[in-house]
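One structure is given below, encoded as structure tokens.
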Amino acid sequence: MAKRIDVSGLSAYYGAHKAIDDISMTVEPRSVTAFIGPSGCGKSTFLRTLNRMHEVTPGGRVEGKVMLDDENLYGSHVDPVAVRRTVGMVFQRPNPFPTMSIFDNVAAGLRLNGSYKKSQLGDIVERSLKGANLWNEVKDRLNKPGSGLSGGQQQRLCIARAIAVEPDVLLMDEPCSALDPISTLAIEDLIGELKERFTIVIVTHNMQQAARVSDRTAFFNLAAVGQPGKLIELDDTERIFSNPSVQATEDYISGRFG
Amino acid sequence: MSHAIQDRPVSVAPRRGSLSHARLPRWTPAAIAAGSIAGGIGIGLGAGWHSKVQWGMIAALLFVIGTYALTSKVEGSRQAKDRVATSVVWVCFVLAVIPLLSLAWVTVSKGIGVLDGYFLTHSMNGVLDAEAGGGVYHALLGTIEQVLIATLIAAPIGLLTAVYLVEYGGGKLAQAVTFFVDVMTGIPSIVAGLFILATWNLILGFGPSGFAGAMALAILMMPVVVRSTEEMLKLVPNELREASLALGIPKWRTILKVVLPTAIGGITTGVMLAVARITGETAPVLLLVFGTKLINPNPFEGAQSSLPLYVYEQFAVGTDAAMARAWGAALVLIAFVMILNLVARGIARWKAPKTGR
Ligand SMILES: Nc1ncnc2c1ncn2[C@@H]1O[C@H](COP(=O)(O)OP(=O)(O)O)[C@@H](O)[C@H]1O
Ligand SMILES: [Mg+2]
């Protein structure tokens with residue numbers, strides 16, 4: 001069910017401030033695309049335009065087109081709520097719902113948008129937790145609060161919660177930056193498995209991580225602080241890390257700036 | 001912390017460049033306090049002052065000065081300032097607690113005499129002012145009904161207003177609502193009572209009833225609920241709202257199922273505090289509920305009584321028996337509010353997001 005994302009001429013604003021400028025790119029289905037670039041260049045902003053979360057921020061505004069297969073997410077009749085069911089998201093800091101048990105956290109997406117059969121709920125929760133490699137660790141305490149898990153487990157719980165609603169695309173904004181190396185490894189392995197079923201876009205500050213998990217890498221940059229961020233290049237990860245076509249990319253990757 | 005630092009004998013002189021220095025033993029503040037109280041009493045007796053307040057003030061002064069003098073001599077001036085700050089906090093704490101404890105003590109000691117099963121289950125029907133006997137049942141019933149109705153009106157409106165302000169607001173309308181809520185917070189209770197009297201009773205022509213009083217109480221309660229709920233909703237991390245929205249959950253369900261449950265403990269506490277505040281209101285009840293000696297279980301028809309009103313009436317009568325009843329009712333009122341608060345805390349603790357660690 002994974003879908004292709006085709007972005008053209010996309011700019012995003014916070015009030016009067018233009019955060020990203022005229023971005024066009026294609027994200028292939030069943031692949032992992034990594035976004036790298038210095039802080040503030042608009043990676044998170046761009047990621048959030050892909051599931052219409054950008055407009056949740058007060059003053060958030062988007063121009064341009066995002067095609068998901070053959071449907072424009074910013075078409076006039078498109079319901080942002082429906083878009084977010086199709087394009088799931090995992091945030092930088094693990095954010096399980098504190099009032100809910102582990103089970104309820106995973107079931108939240110289904111329960112709260114009312115699209116499930118009661119008899120299937122248990123199966124879906126189990127499948128999602130297995131999909132997030134968390135089942136064995138939590139199967140005996142599904143009724144305990146999700147906030148009692150470790151940071152890495154919480155993040156996998158959030159991934160389980162996101163995949164439980166069966167999205168086509170999974171967006172991840174620095175999903176490992178709050179985690180220790182072992183939890184990070186667990187999530188990276190998981191990403192490798194998830195790409196069989198989903199189109200995955202991941203923002204990361206960690207070059208090795210981008211090199212390890214992604215098939216394609218996009219490098220973003222900004223001319224100066226306060227200027228909008230731009231897409232510099234998007235290419236196969238191997239090429240970006242060995243022989244990028246733009247000098248700025250090579251400088252960034254080899255640590256000469258940023 | 002290593003024990004070596006603490007166990008240094010007091011006599012060791014501070015050495016430059018060393019991390020350790022002379023310390024007063026832990027029981028020093030208690031000793032100084034005991035000494036200053038003794039000093040306060042001694043000076044008070046010696047000077048022939050009768051007022052215990054003066055004794056207390058001398059003792060407090062001696063405590064602060066004594067602490068400073070002793071600490072600066074033994075531990076140095078920085079520690080002395082630190083200890084003085086601590087002792088001032090203690091003095092203020094004691095000053096705050098004394099009226100509270102004496103209020104509780106006086107009410108309990110004067111009220112406990114009449115408080116029994118009979119007092120709680122009987123009205124003043126046929127009881128003469130000077131006679132002992134009678135009870136608060138009619139007043140307790142009135143208070144419970146009026147407060148319940150006021151809460152049923154004010155809590156949902158206040159809650160929804162706060163949800164609007166925090167989750168949807170931001171424009172001119174929200175600013176206006178915030179402004180009016182602030183204004184409402186400052187409305188004196190007698191004015192709320194007069195407002196209902198002028199509209200409900202005089203213009204619309206209804207007689208006194210528990211419901212009329214409840215409406216005035218609701219006016220007083222609403223801004224408190226709005227304010228406290230607003231603060232609680234603002235404490236809910238934005239990440240939770242985003243997590244929910246990103247799952248494709250509509251905004252209204254996000255608020256209902258994620259935001260409100262996360263804040264429910266604090267919201268309940270706020271509502272209960274507002275309830276406690278209006279439970280003691282006398283002025284609007286006096287105007288609108290009117291007061292009666294009889295049991296009137298119907299809040300929508302005819303005069304009712306209420307606990308604060310009952311206290312006021314009995315106090316105005318002024319006979320020994322009536323005074324005893326007034327204190328008894330005051331005790332019932334305090335107990336009622338206290339129970340509400342305990343229930344609120346219970347709910348808050350029970351509903352608070354669990355960490356599970
Ligand atoms: N909520 C916001 N309100 C206003 N400006 C924002 C907001 N979030 C981000 N920005 C601005 O948008 C730009 C891009 O930020 P972001 O997308 O977070 O960058 P990145 O994720 O690459 O570090 C920055 O200049 C930042 O200051
Ligand atoms: Mg970011």
Side-chain angles (χ1 to χ4, degrees), chain A residues 47-48 50-59 79-102 104-115 141 143-150 154 157-158 161-167 170-171 173, chain B residues 159 163-175 177-178 229-270 346-357:
Chain A
L47 198 72
R48 290 162 63 93
L50 300 182
N51 68 342
R52 296 199 59 169
M53 281 298 286
H54 178 65
E55 64 209 51
V56 170
T57 321
D79 176 10
V81 171
V83 170
R84 292 176 202 139
R85 279 176 208 173
T86 317
V87 185
M89 186 157 196
V90 175
F91 295 82
Q92 182 168 358
R93 287 226 325 235
N95 50 5
F97 300 127
T99 49
M100 297 185 196
S101 66
I102 293 172
D104 291 343
N105 259 286
V106 181
L110 294 167
R111 273 203 185 129
L112 299 188
N113 50 45
S115 55
R141 46 169 171 163
N143 292 320
K144 294 275 162 55
S147 41
L149 299 172
S150 77
Q154 285 189 22
L157 178 62
C158 292
R161 181 175 68 183
I163 61 181
V165 292
E166 292 287 327
L170 202 55
L171 309 175
D173 193 350
Chain B
L159 201 77
V163 166
Y164 167 74
L165 287 176
V166 176
E167 306 292 334
Y168 295 91
K172 283 253 159 31
L173 181 59
Q175 275 176 7
V177 172
T178 307
T229 307
E230 221 184 327
E231 294 311 316
M232 287 305 137
L233 291 179
K234 280 182 189 160
L235 285 181
V236 176
N238 220 11
E239 301 168 8
L240 293 182
R241 296 185 180 87
E242 296 209 329
S244 174
L245 292 175
L247 285 174
I249 299 170
K251 184 163 179 174
W252 67 273
R253 296 210 76 159
T254 298
I255 294 169
L256 208 62
K257 298 287 184 175
V258 175
V259 179
L260 285 179
T262 308
I264 195 70
I267 294 175
T268 321
T269 313
I347 293 176
R349 185 170 297 181
W350 172 49
K351 283 290 185 184
K354 298 160 187 69
T355 55
R357 276 187 223 270

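Naming: A, B, ... by sequence-line order, numbering from 1 per chain.
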Side chains of Thr99(A) and Lys257(B), heavy atoms from C-beta outward: is any pair under 4.5 Å?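 They are not in side-chain contact.
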
Return the option, out of Val165(A), Asn95(A), Asp79(A), with the maximum number of heavy-atom pairs under 4.5 Å with chain B.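 Counting heavy-atom pairs under 4.5 Å, the top option is Asn95(A).
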
Which atoms of [X] come close to chain B, meaning under 4.5 Å heavy atom to heavy atom: side chain ones, backbone ones, both, or neither?
X: Arg161(A); answer: both
X: Pro58(A); answer: neither
X: Val87(A); answer: backbone

If you apply the rule side-chain contact (heavy atoms from CB on, under 4.5 Å), what do you find for Glu239(B) with Phe91(A), and how did you get there? CA-CA 8 Å; Glu239(B) 301 168 8; Phe91(A) 295 82; over 6 Å; no

Any idea which heavy atoms bring Leu240(B) and Phe97(A) closest together, and the distance?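 Shortest heavy-atom contact: O-CE2, 3.6 Å.
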
Under 4.5 Å, heavy atom to heavy atom, which residues of residues 244-254 of chain B contact chain A?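 Those residues of residues 244-254 of chain B which have a heavy atom under 4.5 Å from chain A are Ser244(B), Leu245(B), Ala246(B), Leu247(B), Gly248(B), Ile249(B), Pro250(B), Arg253(B).
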
